[in-house]
Amino acid sequence: MADPSSPMSRLLHHRSEHLAKGDPVALPIVASSTFLLPGDPDGSHFYGRNGNPTVEQVEAEIGVFEGGEAVLFPSGMAAVASVFYAYLRPGDTVLVHSDGYYNVRALLEAQFAPMGIHIHTCPTADMMSADKTGCRLVMIETPSNPGLAVCDIEGVAARAKAAGALLVVDNTTPTAICQQPLDLGADMVVMSDTKAMAGHSDVLAGHVAARNTSLLEPVKTWRRLAGAIVSPFDAYLLHRGMLTLEIRLSRACANAMAAAEALRSHPAVKSVNYPGLTNDPSHEVASRQMRDFGPVVSFCLANREIAEKFIENSPLVTAATSFGGVHTSAECRIRWGDDVPDGFVRLACGIEPTDDLVASLTRTLDSLA
Ligand code: PLP
């Protein structure tokens, strides 16, 4: 249960603490691109690209949730891009995961390598020992997506700092409910709020958060000038989803743990990755820095054909990409070019009753023989 100082309690009560008599308790959507502006600008709202009251409310909620300040974006990739565009200059070196979300590397290769930025990659599990000399920025994703490898955030943060690099953590899979990178020394957190934060597979959003708010100034400048602005309607959907984040995620994590246990003991399954499993190579580090282990499990079946059959025949599994939603979904990650065996499945657990989900997964696996 959330204590009064937990991220979730701070998020839930942020709006009610600031209400005056007669104010709406639910967050109003202010759908205006322009605001009354007689005379000179004085810091009040004047144009939607510079600020919108609904968006600012949601940013404030995310800020208290993260334990810092937050800047909202229309997608997770826009949030990631804002950090790269704000901080990387020709001649800089960036160290990034080789096994995390593939579009992060695709963005660096397509846009930043041609500008003369040096891109070094390293598996998540080796991020601690990776050479960070001369790096401007280090970006980690732990647990990594889709292999669920883990690295020690506090250790990487100390080494990045010693090398003079900024540490950015993609915290999309666990969210601040399961893990708080800013408490562990990260300079910035980036998130795809499209996933568990919004949680209903009906909106794209993302954010960047930092405790040292001056780090966010170049990010805000880039957002304003590039125009990567989330709409107030989408900000509202994100807000509405976040209000139930903890209860959704706690069921999804419980489902992931139960699914991982069931998969581990099934003869059709060759291997399972889940940091919550005591025999997982990530478990020791994950248990130190995570409160729960996230909604995603990955595992290997014999080959792609069997993996596709499993996905198609599982009554409680939707064949879809993404994770963090209310419905359990799965996909063969090889279809996106991830460096995984062809029978590798990413299972993104939803909030179905745990016994139903486990029974359905087990029955489908039994039928594959
Ligand atoms: N980071 C991670 C770990 C992701 O899984 C994703 C999307 O799948 C992103 C960032 C990008 O987020 P979005 O799809 O909201 O742009």
Side-chain angles (χ1 to χ4, degrees), residues 1-39 41-74 79 171 175-178 180 182-183 189 191-200 202-214 216-217 219-220 223-224 228-251 291 324 326 351:
M1 204 53 215
D3 72 67
S5 60
S6 75
M8 195 61 218
S9 289
R10 293 200 297 266
L11 190 162
L12 270 174
H13 285 275
H14 180 264
R15 178 167 171 75
S16 55
E17 275 162 17
H18 297 89
L19 291 180
K21 194 170 181 179
D23 281 347
V25 171
L27 178 65
I29 301 172
V30 180
S32 190
S33 59
T34 190
F35 299 81
L36 192 66
L37 181 68
D42 61 355
S44 51
H45 292 107
F46 64 97
Y47 189 64
R49 187 155 39 73
N50 297 66
N52 170 286
T54 307
V55 173
E56 285 161 8
Q57 277 281 327
V58 181
E59 286 180 325
E61 286 170 354
I62 299 175
V64 293
F65 177 63
E66 292 281 13
E69 196 181 296
V71 184
L72 203 50
F73 285 90
N171 206 37
T175 82
I177 296 282
C178 298
Q180 281 186 281
L182 297 180
D183 283 349
V189 161
M191 292 276 299
S192 168
D193 295 330
T194 311
K195 309 296 190 299
M197 293 285 279
H200 294 74
D202 53 7
V203 65
L204 285 153
H207 73 260
V208 181
R211 195 156 284 168
N212 174 357
T213 55
S214 67
L216 294 176
E217 289 310 316
V219 170
K220 288 182 194 168
R223 178 179 69 166
R224 177 172 50 81
I229 307 298
V230 69
S231 90
F233 293 95
D234 287 351
Y236 174 81
L237 281 176
L238 170 58
H239 155 85
R240 185 164 163 142
M242 287 190 313
L243 299 179
T244 55
L245 174 64
E246 187 183 46
I247 52 175
R248 283 186 289 102
L249 197 59
S250 99
R251 169 63 68 83
R291 292 187 203 97
V326 291
I351 62 168

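The CG atom of Asn171 lies 8.5 Å from the SG atom of Cys178; values are rounded to the nearest 0.5 Å. Considering CG of Asp23 and CG of Leu27, their distance stands at 11.5 Å, rounded to 0.5 Å. Taken to the nearest 0.5 Å, the CG atom of Asp234 stands 12.5 Å off from the CD1 atom of Ile229. Rounding to the nearest 0.5 angstrom, the gap separating the OG atom in Ser6 from the CZ atom in Phe65 is 9.0 Å. The distance from atom CD of Glu69 to atom CG of Asn212, rounded to the nearest 0.5 Å, is 10.0 Å. Once rounded to the nearest 0.5 Å, the distance linking CG of Asn52 with CD1 of Ile29 reads 10.0 Å.
Pairing each heavy atom of Pro232 with each of Thr54, the nearest pair is O-CG2, 3.7 Å. Closest approach of Ala198 to Val203, counting heavy atoms only: CB-CG1, 3.4 Å. Across all non-hydrogen atoms, the minimal contact from Ala228 to Pro74 is O-CD, 3.1 Å. Summarising the geometry of Ile351 relative to Arg248, their closest heavy-atom pair is CG2-O, 3.4 Å, with the distance given to 0.1 Å. Considering every non-hydrogen atom in both Leu249 and Ala196, the closest pair reads CD1-CB, 4.0 Å. Scanning all heavy atoms of the two residues, the minimum distance from Phe35 to Tyr47 falls at CD1-N, 3.8 Å.
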Start with the C-alpha distance between Met242 and Val58, add both sets of side-chain angles, then the distance that settles side-chain contact (heavy atoms from CB on, under 4.5 Å), and finish with yes or no. CA-CA 10 Å; Met242 287 190 313; Val58 181; 3.9 Å; yes
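Contact check for Ile62 versus Leu238: side-chain heavy atoms found under the 4.5 Å cut-off. Side-chain contact between Lys195 and Thr175 is absent, with no heavy atoms from C-beta onward closer than 4.5 Å.
When atom types are taken as modelled, the side chain of Arg224 and the backbone of Arg49 share no donor-acceptor pair closer than 3.5 angstrom.
Within a 6.0 Å radius of CZ in Arg240, no more than 12 heavy atoms belonging to other residues, nucleotides or ligands are found.
Sorted by first and then second residue, the pairs that involve residues 57-68 and meet side-chain hydrogen bond (donor to acceptor under 3.5 Å, both in side chains), not counting sequence neighbours, are Glu59-Arg223, Glu61-His239, Glu66-His207.
When Leu182, Ile177, Asp183 are each tested for a side-chain contact (heavy atoms from CB on, under 4.5 Å) with Gln180, only one passes: Asp183.
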